[in-house]
Number of protein chains: 2
Amino acid sequence: MPPDDPNPGKPAVVSHGPMADELGFHLRCAQLAAFKHFAHAVGAVEGITPGLYGMLQAIDNNPGLSQSALAVAMDVDRSSIVKVVDRLEGKGLIVRDASPTDRRRYRLHMTATGARALRRIQDAVIRQDRVFSARLDDTERATLIALLTRLYRPDSETPTARAGIGAES
Amino acid sequence: MPPDDPNPGKPAVVSHGPMADELGFHLRCAQLAAFKHFAHAVGAVEGITPGLYGMLQAIDNNPGLSQSALAVAMDVDRSSIVKVVDRLEGKGLIVRDASPTDRRRYRLHMTATGARALRRIQDAVIRQDRVFSARLDDTERATLIALLTRLYRPDSETPTARAGIGAES
DNA sequence: TATTGTTATACTCTATAACTATA
DNA sequence: TATAGTTATAGAGTATAACAATA
């Protein structure tokens, strides 16, 4: 993380020119701010990143999924998953469970410790997320989420109510 | 970049659970999608990333700024700037100009080549950005930018973009 | 003393390619 | 042949710590 603003008084120098009208620019700025807020409010306490948190949620909500499926879900290559799973397993949060039907495959599951940790982390994340978006009222926040969703999920059917669905195994 | 969706027909497996209500999650997804779109539409042609593009814009819009000022603007450490400036200078896009008043300092400037390249890249970026946000009409797009800006710039006085105003300058 | 640019080093994230053991 | 997991390797990107030159 870069140091806190070293010169709060001085002119902020930078004009952004035409980027002020580019959605991608604002998206990047907002995401960077969100990441930092997460790191400060959750990561510093729980030693976790948004990416790792997302993986835990994916495993928790889709128990037994394979590493390849997790890779697809996280939108990264299979090979990139290995070390992450190693780490989560090393922390005792998840386990690789050999599939009885396909001996090439592992089924990923939360451990009891992992499930407990995730609930704790999740509470922190949700609180942090509310603080981060405190400048928006509930309507604005919902609007923002809806607009963002349409950007990255063109087939989006207004997804708010998806929470709570298990892994439909 | 990960490979294209390997199983278009099969169920997408993953339920996101409580993350569906976390703004940070949607922010991350949207930003990732924007980054990929940029890489595909601009990066593949111009060999540039959103970060490098942002640096070029910062230098172009604030000619003569120091590397430290650029680091503050990009919100990274001074030391992280060095190699990037090396690369941009190596490509002939910018120059390190020794400051006559402070011999520790370089003033960063675009070269003629760099200025030309930036204009070309900028056109591509703006076009790409419009394609990426094509699912939103002008009002929605402006609303989205306004909401995002309020997230990362708490002092923001609702910049240009207001509901109903297109992106015209 | 503080600042500017720099180097050395390390860590994270991610990709590609090749390997293995299965299927 | 194709798939699941793995390893080796490489390249961004970024941080910290220390250093020289300069202020």
Side-chain angles (χ1 to χ4, degrees), chain A residues 1-4 6-7 10 13 28 31-32 35-36 38-40 43-44 47-55 64-90 94-108, chain B residues 1-7 10 13 28 31-32 35-36 38-40 43-44 47-55 64-91 94-108:
Chain A
M1 219 180 310
D4 293 4
N7 46 357
K10 297 176 187 173
V13 174
R28 197 154 62 89
Q31 206 272 329
L32 183 60
F35 198 98
K36 286 189 175 184
F38 186 106
H40 187 70
I48 203 169
T49 59
L52 287 181
Y53 171 64
M55 293 229 182
L65 90 174
S66 67
Q67 292 185 195
S68 288
L70 181 58
V72 171
M74 296 287 100
D75 208 20
V76 295
D77 192 84
R78 258 166 36 238
S79 64
S80 304
I81 288 288
V82 178
K83 261 182 272 187
V84 184
V85 170
D86 283 350
R87 263 168 59 190
L88 294 178
E89 197 177 31
I94 68 173
V95 285
R96 281 177 166 101
D97 188 26
S99 164
T101 62
D102 185 340
R103 281 159 56 192
R104 294 171 302 180
R105 186 177 300 227
Y106 289 128
R107 298 177 305 179
L108 302 177
Chain B
M1 220 181 310
D4 291 5
D5 186 359
N7 45 357
K10 296 176 188 174
V13 174
R28 197 153 63 88
Q31 206 271 330
L32 184 61
F35 198 98
K36 286 189 175 182
F38 186 106
H40 187 69
I48 202 169
T49 61
L52 288 180
Y53 171 65
M55 293 230 181
L65 91 173
S66 68
Q67 291 185 195
S68 288
L70 181 59
V72 172
M74 296 288 99
D75 209 22
V76 296
D77 192 84
R78 262 172 24 245
S79 63
S80 304
I81 287 289
V82 178
K83 260 181 275 187
V84 184
V85 170
D86 282 350
R87 261 168 59 191
L88 294 177
E89 198 178 29
K91 285 183 165 196
I94 68 173
V95 285
R96 281 176 167 101
D97 188 26
S99 164
T101 63
D102 185 340
R103 281 159 53 191
R104 295 172 301 182
R105 184 178 301 228
Y106 290 128
R107 299 177 304 179
L108 303 177

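As the structure is a prediction and not an experimental result, all values here were calculated from the model. All heavy atoms count here, side chains included; hydrogens, waters and symmetry mates do not. Naming: A, B, ... by sequence-line order, numbering from 1 per chain.
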For [X], side chain to side chain donor-acceptor pair (under 3.5 Å) partners two or more places apart:
{"X": "Arg78(A)", "answer": "none"}
{"X": "Ser79(A)", "answer": "Asp77(A)"}
{"X": "Ser99(B)", "answer": "Thr101(B)"}

Test of understanding: with salt bridge (charged side-chain N to carboxylate O under 4.0 Å, His left out), list the residues that count as partners of [X], not counting sequence neighbours.
{"X": "Arg28(A)", "value": "none"}
{"X": "Arg103(A)", "value": "none"}
{"X": "Asp102(A)", "value": "Arg104(A), Arg105(A)"}

For the pair made of [atom1] in [X] and [atom2] in [N], what is the distance, rounded to whole Å?
{"X": "Asp77(B)", "N": "dT6(C)", "atom1": "CG", "atom2": "P", "answer": "13 Å"}
{"X": "Asp97(B)", "N": "dG5(C)", "atom1": "CG", "atom2": "C1'", "answer": "15 Å"}
{"X": "Ile81(A)", "N": "dT16(C)", "atom1": "CD1", "atom2": "C1'", "answer": "16 Å"}
{"X": "Asp75(B)", "N": "dA15(D)", "atom1": "CG", "atom2": "P", "answer": "8 Å"}
{"X": "Ile94(B)", "N": "dG5(C)", "atom1": "CD1", "atom2": "P", "answer": "12 Å"}
{"X": "Lys83(A)", "N": "dT6(D)", "atom1": "NZ", "atom2": "P", "answer": "12 Å"}
{"X": "Asp86(B)", "N": "dA8(C)", "atom1": "CG", "atom2": "P", "answer": "12 Å"}
{"X": "Tyr106(A)", "N": "dT3(D)", "atom1": "OH", "atom2": "P", "answer": "20 Å"}

Strictly below 4.0 Å: does [X] bring a side-chain N or O up to OP1 or OP2 of [N]?
{"X": "Gln67(A)", "N": "dT3(D)", "value": "no"}
{"X": "Ser66(A)", "N": "dA4(D)", "value": "no"}
{"X": "Ser68(B)", "N": "dG5(C)", "value": "yes"}
{"X": "Ser99(B)", "N": "dT4(C)", "value": "no"}

Distance check, rounded to the nearest 0.5 Å: [X] atom [atom1] versus [Y] atom [atom2]?
{"X": "Asp97(A)", "Y": "Leu108(A)", "atom1": "CG", "atom2": "CG", "result": "9.0 Å"}
{"X": "Gln31(B)", "Y": "Phe35(A)", "atom1": "CD", "atom2": "CZ", "result": "10.5 Å"}
{"X": "Thr49(A)", "Y": "Met55(A)", "atom1": "OG1", "atom2": "CE", "result": "8.5 Å"}

| request: Compute the angle between the rotation axes at the two ends of the helix from dT1(C)-dA23(D) to dA23(C)-dT1(D), each taken over five pairs, rounded to 10 degrees. | output: 10°

| said: By nearest heavy atom, map Val82(B) and Leu52(A) onto DNA chain C; which one lands nearer the 5' end? | reply: Val82(B)

| task | List the protein contact pattern of nucleotides 18-23 of chain D with one symbol per nucleotide (5' to 3'): B for base contact, S for sugar-phosphate-only contact, - for none; contact means a heavy-atom distance under 4.0 Å. | result | ---BBS

What donor-acceptor contacts under 3.5 angstrom involve side-chain atoms of residues 80-89 of chain A, with partners at least two apart or in another chain?
from	atom 1	to	atom 2	distance (Å)
Asp86(A)	OD1	Arg96(A)	NH1	2.9
Asp86(A)	OD1	Arg96(A)	NH2	3.0
Glu89(A)	OE1	Arg96(A)	NH1	2.8
Glu89(A)	OE2	Arg96(A)	N	3.1

| dT6(D), dT12(C), dT9(D): which one has an atom nearest the side-chain heavy atoms of Arg96(A)? | dT6(D)

| task | For Arg107(A), report the nucleic acid contact type (base, sugar-phosphate, nothing); a contact means any heavy atom under 4.0 Å. | result | nothing

